[in-house]
Q: 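Take this structure, written in structure tokens, and hold onto it; I'll ask about it next.
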Amino acid sequence: MPTLTIDGTEVTVEAGCTVLQACEEAGVEIPRFCYHDRLSIAGNCRMCLVEMEKAPKPIASCAMPVGEGMVIRTDTAAVRKARQGAMEFLLINHPLDCPICDQGGECDLQDQALAFGRDASRYVENKRAVKEKNLGPLIRTMMTRCIHCTRCVRFATEIAGVEELGATYRGEDTEIGTYVEAALTSEMSGNLVDVCPVGALTSRPYAFTARPWELRKTESIDVHDAVGCNIRVDSRGAEVMRVLPRLHEDVNEEWLGDRSRHAVDGLRRQRLDRPYLRVDGKLRPATWDQAFAAIASRMDGLAGERLAAIAGDMVDAETMLAMKDLMTALGSPNIDCRQDGAKLGGRHRGGYLFNTSIAGIEEADAILLVGCNPRWEATLINARIRKRWLAGGLSIGLIGPRVDLTYGYRYLGAGPATLAEVAGGDNDFAGLLQAAEKPMIIVGAGALSRPDGAAVLHLARRIAEATGMNGGDWNGFNVLHGAASRVGGLDLGFLPGEGGRDTAGILAGAGRGEIDLVWLLAADELDMGQFGDAFVVYQGHHGDAGAHRADVILPGAAYTEKDGTWVNTEGRAQQGRRATDPPGEARQDWAILRAFSDVIGQTLPYDNLAALRARMAELAPSFGRLDEVAPGEMGSFGVEGEVDATPFASPLGDYYLANAICRASSVMAECSRLYLAAGEGTGTDG
């Protein structure tokens, strides 16, 4: 480990790091525009100049590796003059439109021009103007502001995996843009706004709506998928204005998918803001007392086996526990959190977790993807796989639909027959897994949400056992969930009790008249026509499919409007916080169930969130260890049996319209129209 002297202080750093990184470790701030921790080094902006002893001129600290005995000075007259000169050049063509720029107030160029620039410009020539680029419905461009740091180019190429941005022309005529005018085809394009240090790339949906100092900032958790990305919700009054990523190295690093970032306008549209009752075939406004009375009247005299409840994909753990306790008190074993019918049990936690952990992907040297499209189902997990693939030495095999995953893979086959070949050692990829030191298998909902899903799960487990994936401190067996509520529901046992019905059984029973009342907790991804004459209670936040079928609607809170706990696909419990209040008469979901339990004389044993969370921790200790990943026991899971020859199908037909919030979003509707019509994400393997 080399030792160098920075401004008179000796610092020892890891070999291979740059002078800029060494200065950061020493607590010295170095200005930069082109440098970014997660991108390759470009050395374009020259703002990071420092003096190095025996060097004839200032050096770019971002591109200079540290060496033993280096003497670095960061605040000399020569350094200040060099930085001021670099800033002058950067501002030569930059327009003076800070008052109308959406980046104003959180702009690196503003901050560093004040701290490190001159107080006047000596440039008197005409400024150049650059034509705006069409990067799609999510990115607004003002390319005259561009300082050519190439962060956006490197992000698109290295992180997002779409080589669609680059520099054209030369010298003063240099422009950043797409080579052929077209929208960026990436589910991570919104991150370009975050990496841009000036206002050249800003959020199109957010344009001219708010200033950063007007917003209340709330740290929360994203629920559009099961990754559990850490987010910051920026709100003004009762309205969510934008969602930004928060740094969490083990989950989402500092990135966020476009659906999670830009579906926020869906939180304002098609909202359920008061209870409704169906009278003479039409839904009519009602009071809470009237809605509760109607449900209680319909429940009166019903045996427990004629009641059922299904939890949707975005429900918090507190609500599922309250619903489970209520159904238990009513004597009903018919509950299920597997809206898609995934054949997963809750007995052995290792059988339904992403056991490797998301960060553990970076240690793998062989990955088998089964029935999943991580680019759509878990965008940030797909980015982590690409990061590992770029490092080299990784073999990836895919069984399922042939899709563009932004990295190269071997296409092994379409369905269970290929999986059985790998399990039996008849496919040469089994040998690659066997030879790997840290192999992984990732099984998605496309393989598990089938009638033969339990048999497919058993085959995947056989592969894990045969190739030594579960040895020592490494567990390479992974289930990729798409629903934010799924792992929390499995942990709490929101599953059919003894003699109970699963989702398919509830639907079939309702259609045959064997189930009289079904309570849907924001469950919209079902065939509502199968409920027959059953009385349907829909508790949720949007007027989506479930609300259209409901006989009673109870308005709940969206994820930004309540304090809740969600468990991500790797089993990490995280808490989201309320950023705004629910609209109108809507209430937090667990409180609705607690209030209804009073009406029917089955009062739930908790009056506040703390008591409810204490009960959660009793049932599942993982809820008492927030932001920790505990190893799950493997045990026995899956069922040996025949598998269908039908190829695996993707569980997600449209990335941009995946849930009720997205379907209410005009921004997501535009993205779906633009990108899905062009066939994005349906390419071939690399």
Side-chain angles (χ1 to χ4, degrees), residues 218-233 243 246 248 250-252 260 309 311-326 335-339 346 349 352-354 357-358 378 481-495 521-523 539-541 556-582 586-594 604-630 632 659 661:
T218 307
E219 295 184 351
S220 192
I221 302 299
D222 173 58
V223 300
H224 284 275
D225 56 30
V227 178
C229 293
N230 285 229
I231 59 173
R232 193 187 82 196
V233 180
V243 169
R246 282 191 294 127
H248 195 305
D250 293 333
V251 180
N252 58 300
S260 305
D313 292 346
M314 306 175 81
V315 182
D316 56 285
E318 288 85 354
T319 301
M320 286 188 285
L321 178 56
M323 186 81 254
K324 179 187 177 184
D325 286 347
L326 180 61
I335 60 174
D336 203 349
C337 65
R338 302 163 301 182
Q339 187 179 205
R349 203 164 186 251
Y352 60 82
L353 291 185
F354 201 96
S357 79
I358 296 172
H481 295 283
S485 64
R486 185 64 47 80
V487 176
L490 293 172
D491 282 348
L492 293 171
F494 200 93
L495 296 166
L521 289 176
Q539 180 178 334
H541 40 79
Y559 73 104
T560 57
E561 299 158 0
K562 59 185 173 184
D563 296 310
T565 305
W566 288 269
V567 185
N568 75 348
T569 191
E570 60 182 351
R572 184 189 302 271
Q574 301 180 104
Q575 289 182 352
R577 294 177 177 83
R578 182 168 65 179
T580 61
D581 292 325
R587 296 293 181 266
Q588 294 206 42
D589 292 279
W590 77 267
I592 294 173
L593 296 170
R594 170 63 176 79
L604 295 175
Y606 24 78
D607 297 324
N608 53 58
L609 198 59
L612 178 53
R613 285 175 171 170
R615 172 157 169 73
M616 285 166 48
E618 289 177 9
L619 289 180
S622 58
F623 286 103
R625 300 191 298 270
L626 294 177
D627 201 28
E628 292 183 16
V629 177
N659 54 57
I661 296 175

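Being a predicted model, the structure only gives us computed values, none of them experimental.
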Q: How long is the span from the CG atom in Leu612 to the CG atom in Leu604, to the nearest 0.5 Å?
A: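 Reported to 0.5 Å precision, the distance equals 9.0 Å.
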Q: Return the minimal non-hydrogen interatomic distance between Ala322 and Leu593, and the atom names on each side.
A: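 Heavy atoms of Ala322 and Leu593 come nearest at CB-CD1, 3.9 Å.
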Q: Considering only heavy atoms from C-beta outward, does the side chain of Glu570 approach that of Val487 to under 4.5 Å?
A: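 No, every pair of side-chain atoms sits at 4.5 Å or beyond.
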Q: Which heavy atom of Tyr606 sits nearest a heavy atom of Trp590, and at what distance?
A: O-CZ3, 4.4 Å
Q: Check whether any side-chain heavy atom of Asp627 sits under 4.5 Å from a side-chain heavy atom of Arg572, and report yes or no.
A: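 Yes, side chains in contact.
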Q: Report the C-alpha separation of Ile221 and Ile231 in whole Å, then their side-chain angles, then the decisive distance to 0.1 Å, and conclude whether the side chain to side chain contact (heavy atoms under 4.5 Å, CB included) test is met.
A: CA-CA 5 Å; Ile221 302 299; Ile231 59 173; 5.6 Å; no
Q: Hey, does Arg349 have a side-chain heavy atom less than 4.5 Å from the side chain of Ser622?
A: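 Heavy-atom side-chain distance check passes, below 4.5 Å.
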Q: Between Arg615 (side chain only) and Leu321 (backbone N and O only), is there a donor and an acceptor less than 3.5 Å apart?
A: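 Pair absent, no side-chain N/O of Arg615 close to backbone of Leu321.
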Q: Got a second to check how far Thr319's OG1 is from Leu521's CG, nearest 0.5 Å?
A: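 Answer rounded to 0.5 Å: 7.0 Å.
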Q: Checking the side chain of Arg246 only, and the main-chain atoms of Ser220 only, is there a donor and an acceptor separated by less than 3.5 Å?
A: yes
Q: Just checking, is any N or O donor in the side chain of Gln574 or Asn230 under 3.5 Å from an acceptor N or O on the other one?
A: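 A donor-acceptor contact under 3.5 Å links the two side chains.
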Q: I'd like to check Asn568 versus Ile358 (side-chain heavy atoms, cut-off strictly below 4.5 Å). Are they in contact?
A: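 Yes - at least one pair of side-chain heavy atoms lies under 4.5 Å apart.
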Q: Applying salt bridge (Lys or Arg N to Asp or Glu O under 4.0 Å) between Asp316 and each of Arg577, Arg613, Lys562, report the one that passes.
A: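 By the salt bridge (Lys or Arg N to Asp or Glu O under 4.0 Å) criterion, Asp316 pairs with just one of Arg577, Arg613, Lys562: Lys562.
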Q: Could I get the full list of side chain to side chain contact (heavy atoms under 4.5 Å, CB included) partners for Ser260, not counting sequence neighbours?
A: Asp222, His224, Leu256
Q: Measure across Gly556 and Asp589 and return the closest heavy-atom pair with its distance rounded to 0.1 Å.
A: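 Minimum heavy-atom contact is CA-OD1, 3.5 Å.
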Q: Side chain of Trp566, backbone of Ala226: donor and acceptor closer than 3.5 Å?
A: no
Q: Please report the closest heavy-atom contact between Lys324 and Ile335, naming both atoms and the distance.
A: CG-CD1, 3.8 Å
Q: Please find the pair of heavy atoms, one from Leu492 and one from Phe623, that lie closest to each other, and give the distance.
A: CD2-CE1, 3.6 Å
Q: Give a yes or no answer on whether the side chain of Arg578 reaches the backbone of Asp563 with a donor-acceptor pair at less than 3.5 Å.
A: no
Q: Keeping the roles fixed (side chain from Glu318, backbone from Leu609), state whether a donor-acceptor pair exists under 3.5 Å.
A: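 Side chain of Glu318 to backbone of Leu609: no pair is present.
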Q: Would you confirm whether His481, through its side chain, and Ala483, through its main-chain N or O, come within 3.5 Å as a donor-acceptor pair?
A: no
Q: Judged by atom type as modelled, is there a donor-acceptor pair below 3.5 Å linking the side chain of Arg486 to the main-chain atoms of Cys337?
A: yes
Q: So, for Ala557 and Pro582, which heavy atoms are closest and what is the spacing to 0.1 Å?
A: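 Closest heavy-atom pair between Ala557 and Pro582: CB-CG, 3.8 Å.
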Q: In the structure I gave you, are the side-chain heavy atoms of Asp491 and Val567 within less than 4.5 Å of one another anywhere?
A: yes
Q: Using side chain to side chain donor-acceptor pair (under 3.5 Å) as the criterion, list what pairs up with Arg594, not counting sequence neighbours.
A: Asp598, Asp607
Q: With sequence neighbours excluded, what pairs up with Gln588 under the side chain to side chain donor-acceptor pair (under 3.5 Å) test?
A: none
